[in-house]
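Chain identifiers are assigned alphabetically (A, B, ...) following the order of the sequence lines, protein sequences preceding nucleic acid strands; residue numbering begins at 1 within each chain. Because only heavy atoms are used, hydrogens play no part in the values below, and waters and symmetry mates are left out as well, while side chains stay in.
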Amino acid sequence: MRLLTHNMLSCNRKGVSNGFPLGIEASKLEVKEVDFNSDFLRHIYPKIEWKAFVDAAKSLGLNDLPEHVDDSMLEDDDFLHSFHHALLEVHLEEGALICPETGRRFPVNRGIPNMLLNEDEV
Amino acid sequence: MSLRPERQAPPEIFYNESEARKYTTSSRIIEIQAKLTERALELLALPQDGAPRLLLDIGCGSGLSGETLAENGHHWIGLDISESMLDIALEREAEGDLLLGDIGQGLGVRPGVIDGAISISAVQWLCNADKSCNDPRKRLKCFFGSLYRCLARGSRAVLQMYPENGAQLEMISTAAMRSGFSGGLVVDYPHSTRAKKYFLCLLCGPPSANTPLPKAKGEDGGSGSDESEDDDEHETVDFLERQRPTKKRKSEKKVKGRAWVLKKKEQRRNHGFTNVPRDTKYTARKRKARF
Ligand SMILES: C[S@@+](CC[C@H](N)C(=O)[O-])C[C@H]1O[C@@H](n2cnc3c(N)ncnc32)[C@H](O)[C@@H]1O
């Protein structure tokens with residue numbers, strides 16, 4: 001799972017009112033190259049919750065994203081490349097996602113978060 | 001005839017290792033999934049501005065449908081309840097991110113962030129009540145509600161499915177409309193039992209001038225599918241209205257008339273039955289509905 005997906009996910013366990021952003025516990029990462037496409041970055045940028053993205057990136061050891069962004073940065077190549085890398089190329093392979101409200105853990109194995117809820121959580 | 005998969009076991013059990021393996025070693029299945037996905041993408045009618053979009057693949061399984069999305073340049077997130085199917089997707093190096101999840105529990109995606117969703121041959125599974133805790137209506141409501149929320153306004157979801165019968169189809173589309181979607185059902189190859197394909201095309205938010213409802217292709221035949229050798233009528237479209245669940249159409253069962261009843265009674269008598277009631281002016285008359 002990449003940070004693109006992490007930024008879209010929220011915990012939908014019964015009773016949780018704000019399940020976003022999920023905390024990240026990372027024990028194994030993988031980097032896979034993806035073709036750079038600035039059109040996609042510009043398209044998706046307004047949908048990204050930036051603070052959650054920066055925090056998530058930090059928990060994967062990626063520290064070169066700016067804390068604050070504005071639209072003008074979408075013209076800056078260096079920025080776009082670090083955005084691209086953190087968003088699309090770094091995969092959380094093993095670890096867990098953690099609900100910010102309840103602490104419920106969703107284990108991540110071989111890159112796949114297990115989001116299945118128990119009967120009593122639906 | 002073999003039993004429908006949906007009647008054999010819950011999806012996470014039915015799609016076990018061997019079924020998942022079978023799924024992606026059959027060139028026929030691979031081809032059908034690719035074709036259905038191409039068609040779903042077409043019906044999704046994404047803006048043609050060259051920018052890749054973020055799409056959901058609901059019941060992404062082995063990632064066959066996702067492969068077609070990626071070939072078209074899009075990023076996708078796939079959700080499936082079967083670990084074995086997702087294992088195959090990993091093996092095939094699916095480019096999308098995979099999630100193990102049950103769509104009947106809702107999608108768990110933030111509001112308004114998804115540019116479009118497709119689902120290929122999965123949603124009919126929600127009609128199953130294979131565990132005591134599974135109420136199909138609740139699960140459909142939960143699924144469509146969360147789907148509606150996570151889609152960007154003006155975007156679409158195209159769900160290809162294999163409903164078991166008309167009642168299932170109605171239950172699914174009613175649940176979709178109740179969640180706020182508008183849209184319609186596109187039926188490709190409506191006159192061929194084998195090739196017939198249902199695509200529920202849903203619009204998020206009221207239809208606007210820039211999001212035209214899916215149109216039927218020309219009735220001029222043309223390319224025709226390999227599954228429908230002699231069937232060249234392409235599709236019919238039924239429109240469904242937002243927020244207004246379609247009333248159950250009065251079943252237009254052929255009511256057998258007086259002539260038919262009289263004939264049957266005559267036949268019985270000729271066979272020597274003695275308990276056949278007399279023919280009177282009341283025979284085969286419509287009864288008033290009484291409650
Ligand atoms: C016919 S397969 C479609 C496979 C997929 N489109 C592909 O390309 O491989 C149907 C899929 O729907 C999934 N499915 C069924 N019920 C589901 C549910 N409640 N939640 C998530 N996935 C489900 C099954 O596990 C199965 O992988």
What residues of residues 87-95 of chain B sit under 4.5 Å from chain A when you count only heavy atoms?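 From residues 87-95 of chain B, the residues near chain A are B:Asp87, B:Leu90, B:Glu95.
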
Does the B:Thr174 side chain pair with the main chain of B:Met171, one donor and one acceptor, at a distance under 3.5 Å?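 Checking the backbone N and O of B:Met171 against the side chain of B:Thr174, no donor-acceptor pair under 3.5 Å is found.
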
Exam field: side chain B:Glu19 to backbone B:Asn16, donor-acceptor pair closer than 3.5 Å: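 Absent.
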
So for [X], is it side chain, backbone, both, or neither that comes closer than 4.5 Å to the heavy atoms of chain A?
| X | result |
| --- | --- |
| B:Leu54 | both |
| B:Leu107 | backbone |
| B:His74 | neither |

[atom1]-[atom2] distance between [X] and [Y], expressed to the nearest 0.5 angstrom:
| X | Y | atom1 | atom2 | result |
| --- | --- | --- | --- | --- |
| A:Ile24 | A:Leu60 | CD1 | CG | 5.0 Å |
| B:Leu43 | B:Leu200 | CG | CG | 11.0 Å |
| B:Arg137 | B:Arg178 | CZ | CZ | 8.5 Å |
| B:Ser119 | B:Ile58 | OG | CD1 | 5.5 Å |
| A:Glu93 | A:His91 | CD | NE2 | 7.0 Å |
| B:Cys142 | B:Leu147 | SG | CG | 11.5 Å |

So which of [options] has the largest heavy-atom pair count under 4.5 angstrom toward chain A?
| options | value |
| --- | --- |
| B:Asp49, B:Val113, B:Val109 | B:Val113 |
| B:Gly96, B:Cys150, B:Pro52, B:Gly50 | B:Pro52 |
| B:Ile114, B:Ile81, B:Ile77 | B:Ile77 |
| B:Ala152, B:Gly112, B:Gly101 | B:Gly101 |

Please identify which of these residues, B:Ile118, B:Leu64, B:Leu41, B:Ile120, meets the side-chain contact (heavy atoms from CB on, under 4.5 Å) condition with B:Leu36.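 When B:Ile118, B:Leu64, B:Leu41, B:Ile120 are each tested with B:Leu36, the side-chain contact (heavy atoms from CB on, under 4.5 Å) holds only for B:Ile120.
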
Under 6.0 Å from the six-membered ring centre of B:Tyr148 and within 45° of its axis: does the NZ or CZ of B:Arg156 meet both?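 No - B:Arg156 does not lie over the ring of B:Tyr148 by the 6.0 Å and 45° rule.
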
Would you say the side-chain atoms of B:Glu164 and B:Gln124 include a donor-acceptor pair closer than 3.5 Å?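 The criterion, which ignores hydrogens and geometry beyond distance, is not satisfied for B:Gln124 and B:Glu164.
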
Assess, by modelled atom type and distance only, whether the side chains of B:Ser121 and B:Gln160 contain a donor and an acceptor separated by less than 3.5 Å.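 B:Ser121 vs B:Gln160: donor-acceptor pair found between side chains.
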
With heavy-atom distances below 4.5 Å as the criterion, would you say the side chains of B:Leu55 and B:Leu46 are in contact?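 B:Leu55 reaches B:Leu46 side chain to side chain.
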
Please examine the side chains of B:Glu67 and B:Thr37, heavy atoms only from C-beta on, and report whether any two atoms are closer than 4.5 Å.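 Of all side-chain heavy-atom pairs linking B:Glu67 with B:Thr37, none is under 4.5 Å.
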
Crowded around B:Arg7 CZ? As in, over 12 foreign heavy atoms under 6.0 Å?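 At most 12 heavy atoms, drawn from other residues, nucleotides or ligands, come within 6.0 Å of this atom.
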
Is it true that, when you exclude B:Glu83 itself, more than 12 heavy atoms of the residues, nucleotides or ligands shown sit nearer than 6.0 Å to its CD?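 No, because the 6.0 Å sphere around CD of B:Glu83 holds 12 heavy atoms or fewer from other groups.
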
Can you name the nearest heavy-atom pair linking [X] to [Y], along with the distance?
| X | Y | answer |
| --- | --- | --- |
| B:Asp115 | B:Ser155 | O-CB, 3.3 Å |
| A:Phe53 | A:Ala86 | CZ-CB, 3.7 Å |
| B:Val186 | B:Cys201 | CG2-SG, 3.8 Å |

For chain B, which residues of [range] have at least one non-hydrogen atom nearer than 4.5 Å to it?
| range | answer |
| --- | --- |
| residues 29-50 of chain A | A:Val34, A:Asn37, A:Asp39, A:Phe40, A:His43, A:Ile44, A:Lys47, A:Ile48, A:Glu49 |
| residues 95-111 of chain A | A:Arg110, A:Gly111 |
| residues 9-18 of chain A | A:Leu9, A:Ser10, A:Asn12 |

I'd like to know which of A:Asn114, A:Val122, A:Ile112 tops the heavy-atom pair count under 4.5 Å against chain B.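 When all of A:Asn114, A:Val122, A:Ile112 are compared, A:Ile112 has the most.
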
Worked check of ring pair (Phe, Tyr, Trp, His ring centres under 6.0 Å) between B:Phe143 and B:Trp125: CA-CA 12 Å; B:Phe143 164 62; B:Trp125 281 98; over 10 Å; no

